[in-house]
Amino acid sequence: MQGNGRYERQTALPEVGTEGQERLSKARVLIVGVGGLGSPVALYLAAAGVGTLGLIDGDKVSLNNLQRQVLYTENQIGQPKAMCAAKKLQELNSNICVNAYCYRLDRSNARELVSQYDLVIDGCDNFATRYLLNDTCISLQIPYIYGAIRHLEGQVSVFCYGDNPRTYRELYPDETSMLDLPEDKAVMGITPAVTGSIEAGEALKILVGYGEPLIGRLWTIDLRTMQTHILYF
């Protein structure tokens with residue numbers, strides 16, 4: 001086992017064990033967006049020993065990112081997020097491979113990039129990319145873990161996976177109306193921390209093979225009241 005006991009706390013779990021850890025070491029996960037959501041997702045999957053992580057993000061680190069995007073520091077302002085994130089994750093776990101893609105996911109590159117991975121995690125902040133991810137993952141039959149945040153609220157679901165796979169379009173069928181919604185990026189830093197951790201948890205369930213992923217279910221949380229709900233669709 002890699003890491004001289006690095007993973008002993010999770011391999012001690014009956015849900016994981018050495019076999020589950022081997023599955024993680026062979027897994028390839030693409031994280032689309034390494035901002036507020038992508039930061040905790042990437043950190044926890046790297047720490048857990050996911051063998052290959054792909055990070056795609058065309059943005060550069062800015063001052064207002066630092067309130068919630070915990071992968072970055074002040075001295076990285078102006079540098080490409082994907083490259084900075086990859087460096088941080090390699091420092092955290094030198095046993096894994098991290099691929100940095102310093103550009104945006106779009107229709108010209110989505111299929112080629114997504115096809116190289118076993119699972120895709122949503123760390124983006126716009127509806128157009130989510131519809132593109134959904135359609136690409138459906139066509140390639142690759143699981144897509146969805147997450148979204150707003151203010152003090154978060155939500156997570158699992159698409160394109162299981163015996164009865166569901167899709168983002170089933171949850172939000174009116175693409176035109178969604179794309180017309182006004183932009184609202186107000187958020188407390190803890191919101192992506194909680195929501196991204198749940199996304200990482202769903203990824204680990206699928207990669208290792210334990211628990212009940214959020215298929216056909218939307219998990220929501222309101223951090224003002226700590227009320228959580230599971231909505232079926």
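Sequence positions, counted from 1, serve as the residue numbers for this chain.
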Linking I/L/V/M/F/W/Y whenever their side-chain heavy atoms sit closer than 4.5 Å, directly or via other members, would V158 and Y232 fall into one cluster? yes

How close do A46 and I96 get, counting heavy atoms only, and between which atoms? CB-CD1, 3.6 Å

Straight-line distance of E19 CD to T11 OG1, nearest 0.5 Å: 13.0 Å

Do R28 and Y117 form a cation-pi contact, if we require the NZ or CZ to be under 6.0 Å from the six-membered ring centre and within 45 degrees of the ring's axis? yes

Does atom NZ (K87) have a neighbourhood of more than 12 heavy atoms from anything else shown, all under 6.0 Å? no

When you look at CE of M178, are more than 12 heavy atoms from neighbouring residues, nucleotides or ligands closer to it than 6.0 Å? yes

Return the minimal non-hydrogen interatomic distance between E175 and Y131, and the atom names on each side. CA-OH, 3.4 Å

What verdict does the side-chain hydrogen bond (donor to acceptor under 3.5 Å, both in side chains) test give for D180 and S177, after you've listed the backbone C-alpha separation in whole Å, the side-chain angles of each residue and the deciding distance to 0.1 Å? CA-CA 5 Å; D180 285 342; S177 294; 5.9 Å; no

Do side-chain atoms of S94 reach the backbone of Q90 as a donor and acceptor pair under 3.5 angstrom? no

Between R224 and E153 (salt bridge meaning N to carboxylate O under 4.0 Å), is one present in this structure? yes

Do I190 and L152 come within less than 4.5 Å of each other through their side chains, counting heavy atoms only? yes

How long is the straight-line distance from CG of N99 back to CD of Q116, given to the nearest 0.5 Å? 8.0 Å

Please find the pair of heavy atoms, one from C124 and one from L37, that lie closest to each other, and give the distance. O-CD1, 4.3 Å

Nearest 0.5 Å, what's the CD1-OG distance between I198 and S157? 12.5 Å

Whether the side chain of T129 engages the backbone of N126 through a donor-acceptor N/O pair (distance < 3.5 Å, no angle test) should be reported. no

Checking V187 against H151 for the side chain to side chain contact (heavy atoms under 4.5 Å, CB included) test, could you report, in this order, the C-alpha distance in whole Å, the side-chain angles of both residues, the deciding distance, and whether it holds? CA-CA 4 Å; V187 66; H151 298 186; over 6 Å; no

Side-chain touch L89/L71, heavy atoms, less than 4.5 angstrom: yes

Roughly how far apart are Y144 OH and D135 CG, rounded to 0.5 Å? 10.0 Å

Give a yes or no on whether the backbone of T136 and the side-chain of S139 come within a donor-acceptor separation of less than 3.5 Å. yes

Any donor-acceptor pair under 3.5 Å from E202 side chain to E199 backbone: no

Please say yes or no: joined through hydrophobic side-chain contacts below 4.5 Å, possibly via intermediate residues, are L204 and I215 part of one cluster? yes

Determine the minimum heavy-atom distance between V50 and A27, stating which atoms define it. CG1-O, 3.9 Å

D184 side chain to A186 backbone, donor-acceptor under 3.5 Å: yes

Is the side chain of Q155 donor-acceptor paired with the backbone N or O of T220 at a distance under 3.5 Å, no angle test? no

Contact check, side chains of N164 and R166, non-hydrogen atoms, under 4.5 Å: yes

Common cluster, I206/L30, ILVMFWY with side-chain heavy-atom separation under 4.5 Å: no

If you count heavy atoms of other groups shown closer than 6.0 angstrom to OH of Y44, is the number above 12? no

Mind checking whether D118 and I142 have side chains closer than 4.5 Å, heavy atoms only? no

Taking every non-hydrogen atom, the tightest pair across C102 and A82: SG-CB, 3.9 Å

Would a single hydrophobic cluster contain both V41 and I149, if residues Ile, Leu, Val, Met, Phe, Trp and Tyr are joined by side-chain heavy-atom contacts under 4.5 Å? no

Side-chain heavy atoms nearer than 4.5 Å, only ILVMFWY residues, links allowed to pass through others: does that put L53 and Y72 together? yes

Are V32 and V120 side-chain neighbours, meaning at least one heavy-atom pair lies under 4.5 Å? yes

Donor-acceptor pair, side chain of Q69 and main chain of L66, under 3.5 angstrom: no

Contacts of K88 meeting side chain to side chain donor-acceptor pair (under 3.5 Å) (sequence neighbours excluded), chain-then-number -> none

Indicate yes or no for a side-chain donor-acceptor contact from Q10 to the backbone of A48 under 3.5 Å, with no hydrogens or angles considered. yes

For E22, is there any backbone N or O sitting under 3.5 Å from a side-chain donor or acceptor partner on S25? yes

Calculate, to the nearest 0.5 Å, the distance between atoms OH and SG belonging to Y146 and C137 respectively. 14.5 Å

Starting at CG of N109, measure out to OH of Y101 and round the result to the nearest 0.5 Å. 10.5 Å

When you compare the side chain of I56 with that of I31, does any pair of heavy atoms fall below 4.5 Å? no

Taking atom CD of E91 as the centre, does the number of heavy atoms from other residues, nucleotides or ligands within less than 6.0 Å exceed 12? yes

Check this for me, if you would: do R104 and D57 make a salt bridge, where the nitrogen-to-carboxylate-oxygen distance has to be below 4.0 angstrom? no

Run the numbers on Y7 and N95 for side chain to side chain contact (heavy atoms under 4.5 Å, CB included), then give the verdict. CA-CA 12 Å; Y7 308 116; N95 292 325; 4.3 Å; yes

Spell out, as yes or no, whether a donor-acceptor pair under 3.5 Å connects the side chain of Q79 to the backbone of N75. yes

May I ask you to decide whether E8 forms a salt bridge with R6, counting only side-chain N to carboxylate O separations under 4.0 Å? no

Does L133 form a side chain to side chain contact (heavy atoms under 4.5 Å, CB included) with R130? I'd like the steps, not just the answer. CA-CA 5 Å; L133 274 178; R130 293 191 180 110; 5.6 Å; no

Could you walk me through whether I221 and V194 pass side chain to side chain contact (heavy atoms under 4.5 Å, CB included), step by step? CA-CA 9 Å; I221 188 167; V194 173; 4.2 Å; yes

For L55 and A86, the nearest pair of non-hydrogen atoms, with its separation, is CD1-N, 3.6 Å

Answer yes or no: is there a side-chain heavy-atom contact under 4.5 Å between L223 and T191? yes

Got L119 and I145 here, is their nearest side-chain heavy-atom distance under 4.5 Å? yes

